[in-house]
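As structure tokens, the structure follows; a few thoughts come after it.
Whatever order the structure lists ligands and atoms in, that order sets their numbers, starting from 1. Keep in mind that this is a model prediction, so the values were computed, not measured.
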Amino acid sequence: MAFYLPSRLPNVGTTIFTVMSRLAAEHGAINLSQGFPDFSPSPALLERVTHHMAAGANQYPPMAGVPSLREAIAEKVARLYLASYDPETEVTVTAGATQAIYTAIAACVRPGDEVIVFAPVYDSYVPGIELNGGHAVFAHLRFPGFKPDWDEVRALITPRTRMIIINSPHNPSGSVWSADDMATLEALVCDTKIVVVSDEVYEHVVFDQKDGNGALGHHSVTRYPGLRERSFVVSSFGKTYHVTGWKVAYCLAPRALMNEFRKAHQFIVFTVHHPAQLALADFMRGHPEFADQLAAFYQAKRDFFRRQIEGSRFVLLPCAGTYFQLATYAAISDEPDASFVRRLTTEHGVAAIPVSAFNPDGEDQRVIRFCFAKNETTLAAAGERLRAL
Ligand code: PMP
Ligand code: GLN
């Protein structure tokens, strides 16, 4: 009889990002599905990686990350959010935001604990909770505004609630939480032992800010003392510096929380690619304007892409942040979003993500997600195909 392994994740298949990117490649479709840029990072950043490799940074770096990068991160957070984190004890470099989030869960969640997440939910959160014996409890960001319903959240909190995971700017909806949302969350958790994980990977990509600097419109939990004291804050260099394939990110937390995080981190990955860390530290210090200009850079792409869709039968939803644009397609088809994106990819040559893939109950509002972190030529070519539908 064949060996049988009962699954720890019986309801999980291959991620939608992998599935759709593979389908796009098989059919030679323009890939606006998985979120990654089709343009290169700064040559100055690439030069620093090769420099540090040639200079010998090829063995294990310190477990928590190289000091120069942790210092650069702490300086950035102090400058943008006026929040103080000790680079020695409160900043850890991780192998992507995915690992940071998983590690925070592993460090805190015990069997039977409840973790509140907001649906549509980024796909790594729930498996991370379940692998650690926790139960995901779902609050809803409802179509079409995708705003939190705080009465619902309040009703979901029980003595078993160990953690709340939040994500603003939000993937996939592109919605952004307001100062009121953050203050409401702060008030909700203040008399509890609830830990917050704040996924802020799109912190620099908040649109329509007066001075163009996206991070200023971003309500990081680091700005709210009652949240900061209980939060793991996660950001990703992949998103900020156009290097999603490097898988370098970081986590911030007050000392006692970070101490627990590092106990898990050291046995999950121990440490992260050494030359990339040194290069990112040099680049952050040498080019602080890069992150400050990211919102304007992506806002131009958002607006360009939206103009491409004008005149098509897709209806665009508002996009306040991230590099994702949602669209509905009721005038084109009434089929479920998963089959619609398959047909869009295989018959019309543009790959997108069905938003139902982010809904644990499979709820399907017939909405799909396009990634506009692409060259204008890519977006224009996709626009031409989408207008033809
Ligand atoms: N959280 C969100 C909301 C994301 O969109 C992503 C990646 N697209 C991640 C986490 C994972 O980031 P990383 O690639 O750094 O692991
Ligand atoms: N976070 C990216 C997205 O939302 C994909 C990352 C991945 O493929 N795991 O498209």
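- Few gaps surround CD on Glu47; more than 12 heavy atoms of other groups in view lie less than 6.0 Å from it.
- Each of Phe305, Tyr323, Phe304, Tyr202 was evaluated against Tyr298; a single residue qualifies, Tyr323, per the ring-ring contact (aromatic ring centres under 6.0 Å, His included) test.
- For Asp180 and Lys147, the salt-bridge test fails: no basic side-chain N is under 4.0 Å from an acidic carboxylate O.
- Residue pairs satisfying the salt bridge (charged side-chain N to carboxylate O under 4.0 Å, His left out) criterion with at least one member in residues 332-353, sequence neighbours excluded, are listed as follows: Glu335-Arg343, Arg343-Glu347.
- Looking at Arg154 and Asp151, a side-chain N of the basic residue comes within less than 4.0 Å of a carboxylate O on the acidic one, giving a salt bridge.
- By the 4.0 Å N-to-carboxylate-O rule, Arg307 lies too far from Glu310 to be salt-bridged with it.
- Protein residues with any heavy atom under 4.0 Å from ligand 1: Gly96, Ala97, Thr98, Tyr122, Asn167, Asn171, Asp199, Val201, Tyr202, Ser236, Lys239, Lys247.
- Using a 30° and 60° split on the angle between ring planes, Tyr329 and Phe340 fall in the parallel class, below 30°.
- The ring-ring contact (aromatic ring centres under 6.0 Å, His included) contacts involving residues 150-195 comprise Phe118-Trp177, Trp150-Trp177, where partners must be two or more places apart or lie in separate chains.
- Ionic pairing of Asp364 and Arg366 is present here: one or more N-O contacts between side-chain nitrogen and carboxylate oxygen are shorter than 4.0 angstrom.
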Output, or 'none' if empty, a list of ligand 2-protein atom pairs in which both atoms are N or O and the distance is under 3.5 Å, rounded to 0.1 Å.
unit_1	atom_1	unit_2	atom_2	d
ligand 2	1 (N)	Tyr122	OH	2.9
ligand 2	4 (O)	Asn171	ND2	2.8
ligand 2	4 (O)	Arg369	NH1	2.9
ligand 2	8 (O)	Gln34	NE2	2.7
ligand 2	10 (O)	Gly35	N	2.6
ligand 2	10 (O)	Arg369	NH2	2.7

